[in-house]
Amino acid sequence: MPRRLPILVTAALLAALSACGTPSAGPTPSGGATPSASAGGPTPTAPAGPPPHVMVIVLENQEYDSVVGNRGAPYFNKLAQQYGLATDYHARTHPSLPNYIDLIAGSTMGISSDCTDCNVDGDTVVDQLNKAGVHWTAYMGGMPSVCFQGAEYPAGTVNGYAKKHNPFLYFDHLRTDASACQNDVPLSQLNDDFDKNGVTPFAWISPSLCDDGHNTDCGLPAGDRWLNNNIPMVLGSSWYASGGVVIVTFDEGTSDSACCGGAHGGHVATLVISKNTRPGQRLDTPVDHAGTLRTIEALYGLSYLNTSADPQSGDLMPLLGRSPAG
């Protein structure tokens, strides 16, 4: 016991010195956007064994009441009966892009438009995963090639790719790093990855403009058909059998409905699909996009980024049969 005292005193002094330091200013983006300061929160306990399998699917611009109970979305509503639904979930803001940024960074990083020439930098969930040695892939509907840098493809169509739905390529260190950028791939690669058991532990999916449910493109029924054509493949895979979690949400609603101390991007429907989710389970406590990020970070034992550290953002853990994230 006497030999431990100097170690404890030294650790306490180091912690005090660290707390007294002044944090450095955040990176300044190009294109006029200013990122919010990164605020690391408490670190959840890292899971033992292989990393969890988590997939996030983001659809577009539908209010909760336009989806839940809508006959135009039969498959979504079937999933809501078979798995879990967050009933008080709100997007961060309007328009689309800041919500996508918020989902991976816990902050809009100062972006308030669907700009295609603005870039920021700072930590994202995939940087956290990289540091933890967990592989990730972002699958982009309509994307013509790996790490495509264009604003849209084909230009002027409603059935292709839009950069504003690809938040990863707005972060300088991801879009300019060839090794990181190789993880941002066309959605057409997904089937082959499942066939070869090559889907990474963390996967993100942004369907194409015609498949994401946006009413001004091909509408909610098209998004529902996309889910019906693809979710069964996910649920029948070894990826899902090994503890897979699928989160399906919408980037924003059509109202300014608010929750969680700041989110005001509309009330949206969010599904949680897992073997630990009770059929028809409902989560009635408030959750926002940073709460989805908080859920992902808790599952992987990562620290919380920006507003994901705020318990007001809520989380989806109860729909996975777990206590809310601490």
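- Of the inter-residue distances, the one linking Thr200 atom OG1 with Asp193 atom CG reads 7.5 Å to the nearest 0.5 angstrom.
- Remark: Asp211 pairs with Ser208 by the side-chain hydrogen bond (donor to acceptor under 3.5 Å, both in side chains) rule, at least two apart or across chains.
- Looking only at distances, a side-chain donor or acceptor of Asp224 sits under 3.5 Å from a matching main-chain atom of Tyr75.
- Between the side chains of Thr292 and Tyr89, at least one donor N or O lies within less than 3.5 Å of an accepting N or O.
- Between Val287 and Cys259, the shortest heavy-atom contact is O-SG, 3.7 Å.
- Of all heavy-atom pairs between Ala105 and Phe171, the closest is CB-CZ, 4.0 Å.
- Put simply, OG on Ser274 and CD1 on Ile247 are 9.5 Å apart, with the number rounded to the nearest 0.5 Å.
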Run the side chain to side chain contact (heavy atoms under 4.5 Å, CB included) test on Asn183 and Val126 for me, step by step, so that the C-alpha distance in whole Å, both residues' side-chain angles and the decisive distance to 0.1 Å come before the verdict. CA-CA 10 Å; Asn183 297 329; Val126 297; over 6 Å; no

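- Val125 is listed as a side-chain neighbour of Ile104, based on a closest heavy-atom distance under 4.5 Å.
- Judged purely by atom type and a 3.5 angstrom limit, Arg294 uses its side chain to pair as donor or acceptor with the backbone of Ala325.
- Of the possible donor and acceptor atoms, none in the side chain of Asp217 sits under 3.5 Å from a partner among the backbone N and O of Cys210.
- Considering all non-hydrogen atoms of both residues, Met140 and His165 come closest at SD-O, 3.8 Å.
- Every side chain to side chain contact (heavy atoms under 4.5 Å, CB included) that Asn191 has, sequence neighbours left out, goes to Asn230, Met233.
- Using a 4.5 Å cut-off on side-chain heavy atoms (C-beta onward), Leu209 and Asn159 make no contact.
- No more than 12 heavy-atom neighbours from other residues, nucleotides or ligands sit within 6.0 angstrom of CZ on Arg278.
- Side chain to side chain, His94 and Asp256 meet the donor-acceptor criterion of an N or O pair below 3.5 Å.
- Note that the CG atom of Leu174 and the CD atom of Gln182 stand 12.5 Å from one another [nearest 0.5 Å].
- Both Phe168 and Val146 are part of a single hydrophobic cluster, where members link through side-chain heavy atoms under 4.5 Å apart.
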- Report the C-alpha separation of Asp315 and Thr295 in whole Å, then their side-chain angles, then the decisive distance to 0.1 Å, and conclude whether the side-chain hydrogen bond (donor to acceptor under 3.5 Å, both in side chains) test is met. CA-CA 5 Å; Asp315 62 73; Thr295 303; 4.7 Å; no

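- Each of Thr124, Asn130, Asp127 was checked for a side chain to side chain donor-acceptor pair (under 3.5 Å) with Trp136, and the lone residue meeting it is Asn130.
- With contacts defined as side-chain heavy-atom distances shorter than 4.5 Å, the pair Asn166/Ser206 does not qualify.
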Verify side-chain hydrogen bond (donor to acceptor under 3.5 Å, both in side chains) between Asn215 and Gln62, making sure each step is shown before the conclusion. CA-CA 8 Å; Asn215 283 336; Gln62 293 286 347; 2.8 Å; yes

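- Partner Asn197 forms a side chain to side chain contact (heavy atoms under 4.5 Å, CB included) with one of Ser242, Ser237, Ser238 and no other, that one being Ser238.
- Under a 3.5 Å cut-off, the side chain of Ser313 and the backbone N or O of Thr307 do form a donor-acceptor pair.
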When you look at Asp251 and Asn61, which way does the side chain to side chain contact (heavy atoms under 4.5 Å, CB included) test go after all the steps? CA-CA 6 Å; Asp251 70 324; Asn61 290 62; 3.2 Å; yes

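- A donor-acceptor pair under 3.5 Å is formed between the side chain of Glu297 and the backbone N or O of Leu305.
- Leu190 CG to Ile205 CD1: the interatomic distance, rounded to the nearest 0.5 Å, is 5.0 Å.
- Using a 4.0 Å cut-off between charged nitrogen and carboxylate oxygen, Arg175 and Asp172 count as a salt-bridge pair.
- Residues Tyr170 and Lys163 form a side-chain contact, since some pair of their non-hydrogen atoms from C-beta on lies under 4.5 Å apart.
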Any chance you could lay out the side chain to side chain contact (heavy atoms under 4.5 Å, CB included) test for Lys78 and Asn228, step after step, and finish with the verdict? CA-CA 10 Å; Lys78 177 182 177 180; Asn228 193 18; over 6 Å; no

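- In this structure a side-chain-to-backbone donor-acceptor pair under 3.5 Å is present from Glu152 to Gly156.
- Using a 4.5 Å heavy-atom threshold, the side chains of Met55 and Ile273 count as separate.
- When atom types are taken as modelled, the side chain of Asn276 and the backbone of Gly321 share no donor-acceptor pair closer than 3.5 angstrom.
- Using modelled atom types, no side-chain atom of Lys164 and backbone atom of Asp114 make a donor-acceptor pair closer than 3.5 Å.
- Ring geometry for His90 versus His267: interplanar angle under 30°, hence parallel rather than tilted (30 to 60°).
- Taking all atoms of both residues into account, the shortest heavy-atom contact from Ala290 to Gly106 is CB-CA, 4.4 Å.
- Residue Tyr100 holds its OH atom at 14.0 Å from CD1 of Ile111, rounded to the nearest 0.5 Å.
- Using a 4.5 Å cut-off on side-chain heavy atoms (C-beta onward), Pro201 and His135 make contact.
- The number of heavy-atom neighbours closer than 6.0 Å to CZ of Phe194, taken from other residues, nucleotides and ligands shown, is above 12.
- Proximity of a side-chain donor or acceptor of Ser107 to a complementary backbone N or O of Asp102 within less than 3.5 Å is not detected.
- For Asn77 (side chain) and Gly69 (main-chain N/O), a donor-acceptor pair under 3.5 Å exists by modelled atom type.
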Take Thr137 and Val199 through the test side chain to side chain contact (heavy atoms under 4.5 Å, CB included) and record every step on the way to the result. CA-CA 8 Å; Thr137 308; Val199 178; over 6 Å; no

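- Across every non-hydrogen atom of Gly253 and Ala91, the tightest pair is N-CB, 4.5 Å.
- Looking only at side-chain heavy atoms (C-beta outward), Leu302 and Lys131 stay at 4.5 Å or farther from each other.
- For the pair His264 and Thr93, the minimum side-chain heavy-atom distance is below 4.5 Å.
- Between Cys181 atom SG and Leu169 atom CG the span is 5.0 Å, to the nearest 0.5 Å.
- Heavy-atom minimum distance, Ala73 versus Leu220: CB-CD2, 3.9 Å.
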